[in-house]
Structure formats: C-alpha cells, structure tokens
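Starting from 1, each residue takes its place in the sequence as its number. Heavy-atom basis, side chains included; hydrogens, waters and symmetry copies ignored.
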Amino acid sequence: MRSPVSLPRRAALCQLAAVSLLGSLHAGCATAAMPPLLDLQLVDRDSGSVLAQYASAGRRYSPGSPGARYAIRLSNRTGERVLVVLSVDGVNAITGDTASFGQTGYVLGPWETTDIAGWRKSDDRIAAFEFTSLGDSYAARTGRPANVGVVGAAVFREVPPAPAVAAPEGPPPPVSAMPAMPSPLAPLAPLGRSAAADAAAPLAENAARAKLGTGHGAAEWAPITRVDFRRRTTRPEQLLEVLYDSQANLVAAGIMPRTVATLPRAFPDSRGGYVPDPPARW
C-alpha cells in the first residue's frame, strides 16, 4: 500500500517537479549548438568548383586529385570579425609551425568570404597548395607526416570594442608616441628534408604512394594587410576539420559511393509499332 502524501507536501512535490522541468529546459537551451561562425570548403582552383564533402563517422571528407591546385574557402557567417587559425596537415598555414590554437591566423570581416590558396611566405607571397603524395607533402618533408590529410580551422570571436569616447581636440602626438607597427613575419627556412624525415622515408614509402598530402607549390603573389585582433576566449569557439584523400582511397574506405556502371535495360523505350530494317551495310 502506497504511503499517503499530505496536501502541502504534494504541492511542494509538484512545484519541485515544475522547477526540475524548467531546469532541464534551460539546460537543453544551454547545450544547444550555437550557430556556426564559419564555413570551410576546399576549392579546385583550375575548375573553380567546390569539392564535395562526404560525411562518415561524424567527420567530413573531400576527394582531391594528385597534382591539382586547391584553395581553402573560408566564409564568415557572422556580422562581426572573426580570427581563423588555419592548419593544413597539422601545420600552421602562415608560420609553418606545428599548429596550435594560440597562433596567428587570418581575420575575416563581417560576412566575408575569402580563398586561402597557399602557404604564407611573406606579406606578399604564398607557395600554392597542391595535392601531392604523402612523401612529397610539406609536412612530411619537414619531418611531420603524422597529420597529413586534414585541413582545420580554429575560429575565435573578437572582444567587443569599448564605447567610443570623444577625445578633446589637440595637436597630434609626437612620432615617438605613435604605436609601433608589428614586425614582419619571419621568413620560413628554405624547404628541405630534415633528418627525421630522411629516417622516416623508407618506412612511409608505401603509404606515400597511396595517400594524398599538400605540397609546397609554385610562388604566387597574394598580398595581405596586418590588423589587430583581441580574442574573446583562449580556446576556439568553433573547430572545423575537413579530411581529404584521393577518390580511389575514399571509395575503398566506404566513404564515397562507388560509381555504378550503366547496365543494359530490357525496355529502354516502348513506342510500339513493328521492327524496322537496320541501316544498310556499306
């Protein structure tokens, strides 16, 4: 026999249940995914087409063609500036360092879309991204083959600007008081094989023939402008990854569908009538 519950206690239990329900609703709202800050796509630079993305086990994959140049298309989906720390094969695309969240990146204006087409060599030049074998990839040639085959973006929002305060008019500050311009990026070391890469080359030779990586292509003109940006958080507010490989490898892994050949059909047309004569033989 169930124990009776007094009316005051029953009312208290009902109120507790209501509070619990509201709490769960608030928790659901708090854990709901925020709208994306950024979209990331790979673009074939020769054809201008966006490479298709295929989902598998919660990750996204795009097929590449050996020797093809590609760009990384970044699209800001917000009405404010965002900072994008860009990683290619586990390497920061601006500095050449092994990628991490706290490094420098590209700043996109509100709703801006831009294509990043290569490794940043200076404020004016890049070395084109191109699909190549794993062993010929920039990451492998600099002794870091472990993360070849993925493009990533760590996205940060900006600290809101302080309200503007009208400053009293006066003479311009002396030159010595003007803020110093940031020093230029240190140039990357000449591309060469490290001792670690040489030692790992025989072990990776077979895999290098099959898996795609991103090479250090021809020099191109691609000027940039330096700006200041204060991150709102120390960790990225969005993290994007697109893995890539050859179409054959993605099909073999079950990520891309196999191309089904057109099979003969018994009734391709049914217009009726009688059998006509075939064309005359010459």
Side-chain angles (χ1 to χ4, degrees), residues 40-47 49-54 56-57 59-74 84-100 103 105 115-121 125-154 188-220 222 239-256:
L40 185 155
Q41 298 170 305
L42 305 186
V43 179
D44 185 308
R45 294 182 62 194
D46 297 323
S47 67
S49 60
V50 175
L51 301 184
Q53 294 186 4
Y54 298 87
S56 178
R59 309 189 79 179
R60 296 185 295 166
Y61 296 79
S62 284
S65 300
R69 298 180 309 154
Y70 78 91
I72 303 168
R73 179 163 295 169
L74 306 174
V84 182
V85 180
L86 189 60
S87 166
V88 178
D89 294 347
V91 177
N92 185 295
I94 293 179
T95 66
D97 298 323
T98 300
S100 65
Q103 295 167 340
D115 287 357
I116 308 300
W119 305 100
R120 177 60 51 187
K121 303 297 291 183
R125 294 186 305 115
I126 59 171
F129 294 141
E130 58 184 19
F131 292 121
T132 187
S133 64
L134 186 153
D136 193 45
S137 67
Y138 178 79
R141 293 178 67 184
T142 53
R144 296 167 289 180
N147 296 295
V148 168
V150 61
V151 173
L188 297 180
L191 185 62
R193 298 184 66 90
S194 68
D198 289 335
L203 300 177
E205 185 175 356
N206 292 334
R209 293 194 187 103
K211 186 176 175 61
L212 281 188
T214 297
H216 184 277
E220 297 183 14
L239 190 62
L240 294 170
E241 288 186 341
V242 174
L243 290 88
Y244 66 87
D245 207 339
S246 67
Q247 179 173 333
N249 285 351
L250 294 183
V251 169
I255 295 167
M256 283 183 65

**Prompt:** Can V91 and R144 be said to form a side chain to side chain contact (heavy atoms under 4.5 Å, CB included), step by step?
**Reply:** CA-CA 8 Å; V91 177; R144 296 167 289 180; 3.9 Å; yes

**Message:** side chain to side chain contact (heavy atoms under 4.5 Å, CB included) for L243 and V150? Distances and angles first, verdict last.
**Reply:** CA-CA 4 Å; L243 290 88; V150 61; 4.0 Å; yes

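Salt bridge E220/K121: absent, no basic N to carboxylate O contact under 4.0 Å.
Remark: F131 CZ to R69 CZ distance equals 12.5 Å, nearest 0.5 Å. Distance check, rounded to the nearest 0.5 Å: CD of Q53 to CG of L42 gives 7.0 Å. A distance of 7.0 Å separates CG of L212 from CG of N249, quoted to the nearest 0.5 Å. Interatomic distance, NE2 of H216 versus OG of S137, reported as 12.0 Å (0.5 Å rounding). If you take CG on D97 and CD on Q103, they are separated by 5.5 Å, rounding to the nearest 0.5 Å.
Using a 4.5 Å heavy-atom cutoff, the side chains of I72 and L86 are in contact. You'll find the side chain of R60 reaches within 4.5 Å of the side chain of L240, heavy atoms only. For the pair R59 and E241, the minimum side-chain heavy-atom distance is below 4.5 Å. The closest side-chain heavy-atom distance from S49 to D44 is below 4.5 Å. In this structure, the side chains of V43 and Y70 stay at 4.5 Å or more apart for every pair of heavy atoms. Side-chain contact between P63 and M256: present, with at least one pair of heavy atoms (C-beta onward) separated by less than 4.5 Å. By the 4.5 Å heavy-atom criterion applied to side chains, L51 and Q41 are not counted as neighbours. The closest side-chain heavy-atom distance from T98 to N92 is not below 4.5 Å.
Aromatic ring centres of Y244 and Y61 lie farther apart than the 6.0 Å criterion allows.
For the pair G135 and A140, the tightest heavy-atom approach, listed with the atom from each and the gap, is O-CB, 4.1 Å. The shortest non-hydrogen separation linking A71 to R45 is N-CG, 3.7 Å. Between T132 and G215 the shortest heavy-atom distance is CG2-N, 3.4 Å. Scanning all heavy atoms of the two residues, the minimum distance from G118 to I126 falls at N-CD1, 3.6 Å. What you find for L134 and P145 is that their closest heavy atoms are CD2-CB, 4.3 Å. Listed here is the closest heavy atom pair of R141 and D136: CD-O, 3.4 Å.
A donor-acceptor distance shorter than 3.5 angstrom exists from the side chain of D89 to the backbone of G149, with no hydrogens or angles considered.
Using modelled atom types, one finds no donor on one side chain facing an acceptor on the other under 3.5 Å when comparing S62 with Y54.
Classified by interplanar angle (parallel below 30°, tilted 30° to 60°, perpendicular above 60°), the ring pair Y138/W119 is tilted.
For residues 242-252, there are no salt bridge (Lys or Arg N to Asp or Glu O under 4.0 Å) pairs, not counting sequence neighbours.
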